[in-house]
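Structure incoming, see below.
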Amino acid sequence: MDLNPQQLAAVRHLHGPLLVLAGAGSGKTRVITAKISHLLRNGGLEPEQVFAVTFTNRAAREMSERVIADAGRAGRKVSVSTFHRLGLRIIREDPAAAGLKPGFSIFNAGDAESLLRELLRMHWGGEADATALRDASRAAVGTISNWKNALLTPEQAAATARSTLDRTHAAVYRDYQNHLLMSNAVDFDDLLLHPVRLLHQAADRRALWQARVRYLLVDEYQDTNGAQYELIRLLTGERGAFTVVGDDDQSIYAWRGARPDNLVTLSRDFPELAVVKLEQNYRSRSNILKSANALISHNPHLFEKRLWSERGPGDLVRIVELDDDDAEADRVASEIVQQHARRRCGWGEFAVVYRSNHQARALELRLQAMKVPYRISGGGSFFDRGEVRDALAYYRLLVNPDDDGALLRVINVPRRQLGAATLGALQRVANRRRSALLPAVDASDLATEVGGSAARRLIGFRDWLSHWRGQLQRPAVALRDMLNDAGYEGWLASLSKDDAELARIRWSNVELLLAAIERRSLAGDDPAEILRSLALDDSLDRDDDDEVDPEQVQLLTLHAAKGLEFAHVWLMGFEEGLLPHRNCITDEQVAEERRLAYVGLTRAMESLTLTLTRKRRARGESRRSEPSRFLAELPKEHYEWEGREDEPEERKEARARESLDALKNLLD
DNA sequence: GGAACTTTCAATTAC
DNA sequence: TGAAAGTTCC
């Protein structure tokens with residue numbers, strides 16, 4: 001493998017901790033994969049002893065593929081996962097240490113927010129309108145998540161609370177944590193928090209895990225939060241056998257507790273830390289790289305670095321200004337089709353990135369109409385669909401009868417005459433005996449709260465669930481039969497009776513889920529583990545790993561795009577309010593948005609197009625939009641701006657000729 | 001209680 | 001613009 005001297009130094013440094021400061025496109029994934037091969041060949045390690053962690057599923061999958069490509073058969077046994085999946089693995093072996101039973105559930109962000117909404121409702125004692133509750137629960141989600149990521153208990157949070165709001169949040173945090181435990185559930189933050197507590201408190205478990213994790217590699221280290229940092233320390237212990245790779249200019253997760261100064265903390269905690277800088281960019285043409293460098297130079301830095309490239313200037317960066325978001329989507333879609341024909345490269349060479357998920361929608365419709373294969377990541381994904389969440393909730397109730405979140409979701413879907421009144425009564429019974437809702441159906445005092453017919457319906461539901469729970473050894477079969485028995489497909493049809501196509505799509509999503517469960521079940525995974533694994537997945541297509549079609553246009557948020565590279569990149573919505581996002585006010589927030597833009601620009605290898613509009617439809621109504629302030633920070637000599645009034649005539653003509661050529665090409 | 005209709009409101013980013 | 005929640009009537 002071809003490595004430059006710095007990369008080689010990073011790969012060969014086996015003894016003692018190492019920090020690799022790796023600029024965008026400087027080959028850090030290459031270093032990580034080469035280092036894993038080196039550890040296996042020359043470091044005397046078995047593949048099971050090497051662990052690599054990343055932040056997103058997508059990055060983990062990408063790295064895993066490259067490790068397998070590089071290290072072959074042994075590469076499959078190397079553990080490459082997200083932090084959260086590693087945390088899950090640690091909890092799974094010791095659920096009791098976290099106060100959990102083996103079938104425990106994972107609450108996603110939506111589950112957590114609904115739970116907090118209910119707790120806040122109780123806290124406020126009834127009189128609360130829906131909007132206030134929604135706003136308050138969102139705020140609480142953020143505060144509690146930050147506390148968890150900083151490893152604070154509810155008691156510690158209460159002790160540090162200064163404002164009334166903080167005290168309320170601390171009280172709700174305590175209730176929330178109690179309720180999670182009662183539901184035999186964890187949230188995403190707990191997947192880091194519980195392992196840190198466990199490894200901190202139980203010396204034998206710590207020793208066990210430290211013996212297992214003989215070498216740890218951490219990608220995107222600048223995005224670690226307090227809990228993740230502790231986890232790294234606890235797993236590597238005194239030995240300090242680790243390599244972390246990071247770039248402070250690409251720190252984009254401050255909003256979920258990331259502490260880029262963990263780069264500095266590391267050299268304090270590990271005085272023997274070695275540092276290697278990677279500054280040669282192998283990815284981007286210099287017009288792109290110089291634009292990105294100029295942009296990021298407007299930010300303060302923890303470390304000075306100078307990125308350079310030998311790849312030649314390439315095309316100018318294109319800035320394309322359009323009338324509105326419809327024109328923007330039309331334009332990007334048709335350019336992709338044109339370039340696909342003209343450049344004769346696969347669909348997978350093209351990527352479109354944007355700040356927030358909803359921006360993908362207009363483009364998605366056009367790509368569908370033009371029959372362009374595409375892959376979309378993140379929000380609005382498969383697992384956010386109502387029917388998929390319903391089916392998963394049924395599954396959760398089978399695996400974990402204490403899962404109140406799942407129970408509340410499906411107890412009356414389809415209708416079972418178990419409405420708000422009955423559930424309120426059941427909740428009172430559950431509160432008295434400090435149990436979850438479903439076990440409260442067995443309470444001797446159920447009749448004091450619930451009338452005879454409602455009680456019979458509750459008992460019927462409980463028994464019905466128990467019946468299917470008995471079939472769980474074939475989870476996909478049990479779930480399918482159960483949904484059929486419940487008349488769920490008919491319920492979906494009745495929900496969208498004016499749109500038969502929609503009903504069909506919804507049921508086919510359930511079918512997709514069932515197929516994925518069946519595949520994993522046949523592969524030998526146990527039912528509870530399949531469920532938890534699905535909770536951490538962002539899409540289903542990781543399953544059929546040899547069937548993944550690489551020839552798809554990639555639609556990604558800027559966050560999801562980090563760590564990836566593409567020949568031709570479009571960044572949509574380079575406007576004030578979108579990038580930087582309108583909620584970002586302070587200098588630090590704007591600096592993070594600038595890093596986000598920097599991440600976007602540096603994804604491109606050969607060509608980069610930034611699009612912006614003069615007006616944009618938001619919530620139905622049209623609003624004027626303005627170019628992003630970041631545009632003024634790009635050096636003029638590296639871009640051409642199309643759509644400005646003062647654009648020279650000859651450039652317009654040249655462009656018209658080009659698209660005519662492209663059209664001809666397409667027709668051939 | 002359920003079907004058909006009207007009104008309202010929403011969208012930062014991820015595990 | 002499109003889903004979810006509210007409203008009316010049977």
Side-chain angles (χ1 to χ4, degrees), chain A residues 53-60 81-88 106-112 129-131 134-135 138 141-142 145 148-149 186-193 220 223-225 227-228 251-258 324-326 329 353-362 365 377-381 383-386 412 414-421 491 493-499 502 506 532-539 556-563 573 577-585 589 592-593 595-597 599-600 616-622:
Chain A
V53 285
T54 63
F55 282 80
T56 62
N57 283 310
R58 202 167 175 131
S81 72
T82 61
F83 268 104
H84 290 82
R85 225 173 259 279
L86 178 59
L88 170 62
I106 297 174
F107 275 24
N108 70 8
D111 299 323
D129 68 293
T131 321
R134 182 179 47 88
D135 293 348
R138 272 184 207 171
V141 165
S145 181
K148 286 189 171 189
N149 288 327
V186 296
D187 66 15
F188 286 138
D189 297 323
D190 287 340
L191 292 173
L192 306 172
L193 190 60
E220 310 288 3
D223 285 327
T224 50
N225 59 36
Q228 286 159 332
S251 156
I252 55 174
Y253 283 102
W255 54 275
R256 63 172 220 206
D324 58 18
D325 43 335
D326 279 330
V353 297
Y354 37 80
R355 176 67 232 264
S356 48
N357 287 302
H358 71 271
Q359 287 175 262
R361 206 149 163 187
L365 292 174
S377 86
S381 78
F383 289 101
D384 293 331
R385 314 224 19 154
N412 217 20
R415 293 272 142 79
R416 292 191 181 87
Q417 296 183 298
L418 291 167
W491 159 260
S494 75
L495 274 184
S496 47
K497 57 157 43 79
D498 47 333
D499 189 346
L502 181 60
R506 285 179 167 169
R532 289 191 289 253
S533 178
L534 286 168
L536 293 180
D537 276 352
D538 58 347
S539 67
L556 307 151
T557 62
L558 288 164
H559 286 88
K562 191 166 62 141
L578 277 176
L579 188 65
H581 192 271
R582 59 179 51 77
N583 294 356
C584 299
I585 296 141
Q589 286 172 329
E592 177 146 323
E593 297 289 296
R595 290 191 290 269
L596 210 40
V599 165
R616 184 176 287 278
R617 232 183 9 250
R619 297 187 220 143
E621 74 183 307
S622 193

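As a basis for the values below, the full set of heavy atoms in this structure was taken, side chains included, without hydrogen atoms, waters or symmetry mates. In this text the structure is predicted, and so the values were computed from the model without any measurement. Note on naming: letters A, B, ... go to the chains in the order of the sequence lines (proteins, then strands), and numbering restarts at 1 for each one.
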Using a 4.0 Å heavy-atom cut-off across all strands, classify Arg416(A) as base, sugar-phosphate, or nothing.
-> nothing
Given DNA chain B, 5'-ward residue of the pair Arg415(A) and Phe83(A), judged by closest heavy atom |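 Going by which nucleotide is closer to the 5' end, it is Arg415(A).
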Measure the CG-NE2 distance between Asp187(A) and His84(A) for me, rounded to the nearest 0.5 Å.
->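 Nearest 0.5 Å value for the CG-NE2 distance: 8.5 Å.
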For dT13(B), take OP1 and OP2 only and decide whether either is under 4.0 Å from a side-chain N or O of Asn357(A).
-> yes
Kindly say if Asn583(A) contacts the phosphate of dA11(B), meaning a side-chain N or O under 4.0 Å from OP1 or OP2.
-> no
Starting at CG of Asp326(A), measure out to CG of Leu365(A) and round the result to the nearest 0.5 Å.
->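 Separation between the atoms: 9.5 Å.
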Can you figure out which of dT13(B), dC15(B), dT1(C) approaches the side chain of Thr56(A) most closely?
->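 Looking only at side-chain atoms, Thr56(A) lies closest to dC15(B).
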Inter-nucleotide P distance (dA4(C), dA11(B)), Å rounded =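 The same atom, P, in both gives a distance of 11 Å.
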Mark this stacking check for Phe55(A) against dC15(B) as yes or no, applying ring centres under 5.5 Å and ring planes under 30°.
-> no
Aromatic ring pairing His559(A)/Trp255(A), orientation class (parallel under 30°, perpendicular over 60°, tilted between) | perpendicular
Would you mind classifying the nucleic acid contact of Ala109(A) as base, sugar-phosphate or nothing, using non-hydrogen atoms under 4.0 angstrom?
->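 Base, at least one base heavy atom under 4.0 Å.
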Side chain of Tyr253(A) - closest among dA11(B), dC15(B), dA14(B) = dA14(B)
Check every strand shown and say whether Arg361(A) touches a base, only sugar-phosphate, or nothing at a heavy-atom separation below 4.0 Å.
->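 Answer is sugar-phosphate: Arg361(A) comes under 4.0 Å of backbone atoms only.
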Whole angstrom value for the distance that separates P of dA14(B) from CD1 of Ile252(A) |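 Those two atoms, CD1 and P, are 9 Å apart.
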Which part of the nucleic acid, if any, lies within contact of Arg138(A), taking any heavy atom under 4.0 Å across all strands shown: a base, the sugar-phosphate backbone alone, or nothing?
->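 Sugar-phosphate, no base atom in range.
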When you measure from the side chain of Glu592(A) to the backbone N and O of Gln589(A), does any donor-acceptor pair fall under 3.5 Å?
->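 Side chain of Glu592(A) to backbone of Gln589(A): no pair is present.
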Spacing of Leu556(A) atom CG relative to dA14(B) atom P, expressed in whole Å | 10 Å
His358(A) has a side chain; which of dA10(B), dA11(B), dT13(B) sits nearest to it?
->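 Shortest atom-to-atom distance from the side chain points to dA11(B).
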Can you see which heavy atom on Leu579(A) is nearest to which on Gly573(A), and at what distance?
-> CB-O, 4.2 Å
